[in-house]
Structure formats: structure tokens, C-alpha cells
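So the structure is just underneath, and the comments pick up after that.
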Amino acid sequence: MLTRKQHELICFIADRLAETGVSPSFEEMKEALDLKSKSGVHRLISALEEREFIRRLPNRARALEVLRMPERGERKPITKTAKPTAAPAVPPAAANDVIEIPLHGRIAAGTPIEALEGSTMLPVPAALLGTGEHYALEVAGDSMVEAGILDGDYALIRRTETAKDGEIIVALIDDAEATLKYFRKEGTMVRLDPANRDYSPQRYRPDQVRVQGRLSGLLRRY
């Protein structure tokens, strides 16, 4: 079953699509559900998407399609007015929706440094984030420059506790220090690889390393 807020949101989206053929903006959804921030809307949409009630249409920041309604448990027919390809002639301003995700201090892209926790929120364009829960870390160091990750960038991280070989992850070492590196398995050890020839790989026992998330995007300010 859906939560009350999830049910309210999918009904609001379905009604708006039927009326206008265009998904409501994050701001409109926030106001309709009386939420305090757009990050709450993002979490609700991600939950509905993971449960296959809705899906995001590619290459369009605010385009959503309702796949099924909870009270019927069946796929919602696409009417002419709700046809997802019927984009407005002029993209609405709300296409640049911004949501806020937690900014948890600085993370080393060189020698591991202490992972800082904080309550600061970072505004991020919704189009940069996919499904799931995300947070941001400010990059400190230059060991990932050959992967295009520079000192001062904001790494957008999707929370996960697992990783595949070759993925860039946030690794928490000995429950004290965090670093951003390529994840590799090397025999019985975990190897964290930099993307800078001036740095050497770091090797740890599996019990020393906990995956805290996987890199999903970067935000850079000029």
C-alpha cells in the first residue's frame, strides 16, 4: 500500500496530466501536498517510481508518466491530452526545478580525511539526479582529476552499501575517514584506485571498508 502522501501525489499528477497534458512542477507538487521542501517531493517521486506507479520520461526535466493508479492496480490509459510526447511549444520555467539534498562536509579525493556530517542543504537541478536517496560532498584534493573530478567540485552521491568493480564510490575506512575512489576487488582485499598517476592505490581488508554511496553526478561552480 502507498502512504497517504504518496497516494495524494500520484492523484495530483494524474489529474494535472488529464487536464493539461503536462506534469506539475516540483513547486506545485510541494504546495499541493503542503510539504516544507522540494526534497520531500523528490523522495515521494522516487518511491513511486521504484514501485512502478510512475516513470520519468528521458531528456525532459519535469515529464512524468502515470503507469497505474493504486486504487485500481492497473495501467492508466494514455489519453490524447495526456500523451507524453505532446510537449508545449515553449518550455515552462518550472523545467529548471531545483531540489535540496544534504551536504555532508568535505571528502578527500587524495589522502583520506575525516568525513564531516552537517545539516547544510545544497540546491541541485532535479535533472541531475535519478532515483533513490542522494546527498552531496565537497571534493578536497586532486587524486581524481583524470576522471574529471576537481578540487572544490560537489560530488552527488546515491546512497548504497554495495559497489561493482570500476565504480566510483564513497568509501568509509575504519569507520573514521572517507575517500572518493574507484572500487576494485583484488583477491581477498579491497583496492581503492585514484585517477591521478601521481597517487598510488590504497589496499584494505574488506572489514575496514564500508561503501557509503556511488557517484551519480558532479556540480561545479565557476
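In this structure, I169 CD1 and L192 CG are separated by 6.0 Å, a value rounded to the nearest 0.5 Å. Atom CD1 of I45 sits about 11.0 Å away from atom CD1 of I10, to the nearest 0.5 Å. Between the NE2 atom in H42 and the CD1 atom in I101 there is a gap of 8.0 Å [rounded to 0.5 Å]. Here I157 contributes atom CD1 and L218 contributes atom CG; the two are 8.0 Å apart, rounded to the nearest 0.5 Å. Note that CG of L180 and CD1 of I107 are 5.0 Å apart. Values are rounded to the nearest 0.5 Å. Expressed to the nearest 0.5 Å, how far CG of L64 lies from CZ of F53 amounts to 15.0 Å.
In this structure, the side-chain contact (heavy atoms from CB on, under 4.5 Å) partners of A32, at least two apart in sequence or on a different chain, are F12. Residues meeting the side-chain contact (heavy atoms from CB on, under 4.5 Å) test with D198, sequence neighbours left out: N196. Looking at residues two or more places apart in sequence or on another chain, you find no salt bridge (charged side-chain N to carboxylate O under 4.0 Å, His left out) involving E31. Applying the side-chain contact (heavy atoms from CB on, under 4.5 Å) rule to E100 yields the partners M121; only residues at least two apart in sequence or on another chain are considered.
At least one donor-acceptor pair under 3.5 Å links the side chain of D151 to the backbone N or O of G141. Formation of a donor-acceptor pair under 3.5 Å by the E146 side chain with backbone atoms of R197 is found in this model. A donor-acceptor distance shorter than 3.5 angstrom exists from the side chain of S216 to the backbone of L156, with no hydrogens or angles considered.
The heavy-atom pair separating L35 from G40 by the smallest distance is CD1-C, 4.0 Å. The shortest heavy-atom contact between L219 and P123 is CD2-O, 3.9 Å. The minimum heavy-atom distance linking P102 with H134 is given by the pair CD-O, 3.7 Å. Among all heavy-atom pairs drawn from V209 and A171, the shortest one is CG1-CB, 3.9 Å. Looking at every heavy atom in both residues, R51 comes nearest to R68 through O-NH2, 3.1 Å. When all heavy atoms are compared, the tightest approach of P206 to V190 is CA-CG2, 4.0 Å.
Checked for salt-bridge contact, D175 and R210 meet the test: a charged N lies under 4.0 Å from a carboxylate O.
Counting only residues at least two apart or in different chains, salt bridge (Lys or Arg N to Asp or Glu O under 4.0 Å) contacts with residues 124-141 comprise R106-E138, E133-R159. Applying the ring-ring contact (aromatic ring centres under 6.0 Å, His included) definition to pairs two or more places apart or across chains, those involving residues 135-189 are H104-Y135.
Exactly one residue among E8, Q6, H7 makes a side-chain hydrogen bond (donor to acceptor under 3.5 Å, both in side chains) with R4. That residue is E8.
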Checking D193 against K181 for the salt bridge (charged side-chain N to carboxylate O under 4.0 Å, His left out) test, could you report, in this order, the C-alpha distance in whole Å, the side-chain angles of both residues, the deciding distance, and whether it holds? CA-CA 6 Å; D193 286 348; K181 292 287 184 294; over 6 Å; no
Test V139 against M144 for side chain to side chain contact (heavy atoms under 4.5 Å, CB included), laying out the working first. CA-CA 9 Å; V139 175; M144 296 298 288; over 6 Å; no
Determine whether D174 and E177 satisfy the following criterion, side chain to side chain contact (heavy atoms under 4.5 Å, CB included), listing intermediate values before the conclusion. CA-CA 7 Å; D174 294 328; E177 298 173 320; 5.9 Å; no
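At least one side-chain heavy atom of M69 sits less than 4.5 Å from a side-chain heavy atom of C11. Between R220 and L150 there is a side-chain heavy-atom pair separated by less than 4.5 Å. In this structure, Q202 and T179 have side chains that are in contact, with non-hydrogen atoms separated by less than 4.5 Å.
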